[in-house]
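Input: a single structure, listed below in structure tokens.
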Amino acid sequence: MKEKTDFLVIGSGIAGLSFALQAAAHGKVAVVTKQDISESATNYAQGGIATVSSEEDTFDAHVQDTLVAGAGICHEDVVRMVVEEGPKVIRNLIDWGVQFTKSGDAYDLTREGGHSARRILHAEDITGREIERALVEAAKRHENITIYENHIAIDLVTESKVLKQKLEHNRCLGAHVLDKESGVVKTFAARITLLASGGAGKVYLYTCNPDVATGDGVAMAYRAGATIANMEFMQFHPTTLYHPNARSFLISEAVRGEGAVLKRRDGTAFMEKYHHLKDLAPRDIVARAIDNEMKTYGDDCVFLDIRHRGAEYITSRFPNIYQTCLEYGIDMTQEMLPVVPAAHYLCGGVQVDFNAETDIKHLYAIGEVAFTGLHGGNRLASNSLLEAAVYAGRAYEHAVQVLKDEEFSFPLIPEWDAGTATNSDEMVVVSQNWDEIRRFMWNYVGIVRSDKRLARAMRRIELIQDEIEEYYWNFIVTSDLIELRNIATVAQLIVACAQMRKESRGLNYNIDYPGVDDQNWKRDTHIKKKF
Ligand code: SIN
């Protein structure tokens, strides 16, 4: 079955939908999304979106905070561009119907770790849900946007793949996509393809990401031959709720921004030992401090204490966090919250230029799937929604110009060939490998790494990948198999980049190289598939 579209958008968070809403003025847009349209990481973002909007704040200060958090390897030109385009994209979001929390006539600004000023716009403590609500409503109203829910992309189709030859300038022609309900693989021929498929937290055993975060975009782009960068920088959020049934529910950094203090079980505050900004130190430092306290004292978790702000303030500022914790039997107005770190945000990804274009022509990547150079070795809190919105605008402007400038006819893409594949009777292979990858990634490639642990992880990934490939070619593809294949690829890329970087910087901490090596490593790691 073949579909033709001007713009194929893979993913339906802030990145995909804000691109789609702009591109729809110029052609037909197909938005392909793995589950319900709202099920994206955006929907779960609590904190907010950082931008300079108060008299007391400056672009220079936001740039400086981003560079400091990024541990010396942010691309400064990208940082400045993103920060300065912030106010413009916030206006777009407000025009599409996003309602940020106000304090009187002005927008309320909150604070998070690493920010020297209050500059984070938020919608109570469910900012992402509010952004997603507004964008989904606007996208559903647009006659040029068709939404394909429960559709998972399997692989990109490129010119070199179709012609079965290596090309100097490869071009993306669309993607093969599985309709999860019918089991039919559809061929989408697209003039422009945009990856906006989010991150890869599910590569780790503990993550606050939704189940859809299986690194699909990075894995597909890698298989298609795009350059991937800085995959060693997986950000662990310091504070997710520690409760057997909570599945790593995020306790927003804004809670610390509004005064919460990290403590040990006996009530001793400990962040002063680690950084002068204490509980608002950059995230990599806070996560490592918690890891160290837990290991030193043999505790399963640490605690977050905001009781001193009083019940009225806590319940009105953090209604969602308060209510959710209460459902797990914890009243944060009366008790300390038990918290642990969990995988949260992938700072590396598919390498793109200033216009979000990858090194495969007509293939763009924005949001968490992309590596722009903004985050460096550690992302500053609440910079990611901003990055996605800014690059959606740039990708749209560039893509529209490309379509005007270039002659383009729809390419002949072969339909999906299932060969002699049969239905599998061994689904246990998928679940076993899935569990194994996530567990060794957590234990060997987590907050603290070593050469030996990385080598162990790589050996296991190679074995598992052989098994997955055999399975992939012999059996009819399912959504679970596609995701397993993707998390295995992403795990391999994370380990490979971590093995390249022989130093400790930002989120990559390796006990065999405990210091920063500016002479050799003040730069990105890159990786590209060999054909
Ligand atoms: C949070 O609310 O702590 C998450 C914000 C972010 O990761 O940018």
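Note that ligands are numbered from 1 as they come in the structure, with each ligand's atoms numbered from 1 the same way. Quantities reported herein were computed from a predicted structural model and do not represent experimental measurements.
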Provide the number and element of each atom of ligand 1 under 4.0 Å from a heavy atom of Ser382. 6 (C), 8 (O)
If we only count N/O pairs under 3.5 Å, is Gly47 in contact with ligand 1? yes
Using a strict threshold of under 4.0 Å (side-chain N to carboxylate O), is an ion pair present between Lys202 and Asp211? yes
Salt-bridge test for Arg523 and Asp518: reply yes if a basic N is under 4.0 Å from a carboxylate O, no otherwise. no
The one among Arg283, Gln46, Arg256, Glu253 that brings a heavy atom closest to atom 6 (C) of ligand 1: Arg283
List the closest protein heavy-atom neighbour of atom 2 (O) of ligand 1: residue, atom name, distance to the nearest 0.1 Å. Ser252 OG, 2.7 Å
Polar contacts were defined as any N/O atom of the residue lying under 3.5 Å from an N/O atom of the ligand; does this apply to Asn383 and ligand 1? no
Determine whether the side chains of Arg317 and Thr110 contain a donor N or O and an acceptor N or O closer than 3.5 Å. yes
More than 12 foreign heavy atoms under 6.0 Å from CD of Glu272: is that the case here? no
May I ask you to list the atoms of ligand 1 that are less than 4.0 angstrom from any heavy atom of His344? 4 (C), 6 (C), 7 (O)
Ring-face cation contact, Phe303 with Arg264, 6.0 Å cut, 45° max: no
To the nearest 0.5 Å, tell me how far Tyr222 OH sits from Ile228 CD1. 8.5 Å
Quick one: does Gln235 get a heavy atom under 4.0 Å from ligand 1? no
Enumerated ligand 1 atoms positioned under 4.0 Å from heavy atoms of Arg379: 6 (C), 7 (O), 8 (O)
Just checking, Arg438 and Tyr204: is the charged tip under 6.0 Å from the six-membered ring centre and within 45° of the axis? no
Sub-4.0 Å atoms of ligand 1 with respect to non-hydrogen atoms of Ala381: 8 (O)
Using a 4.0 Å cutoff against the non-hydrogen atoms of Glu112, which atoms of ligand 1 qualify? 1 (C), 3 (O), 5 (C)
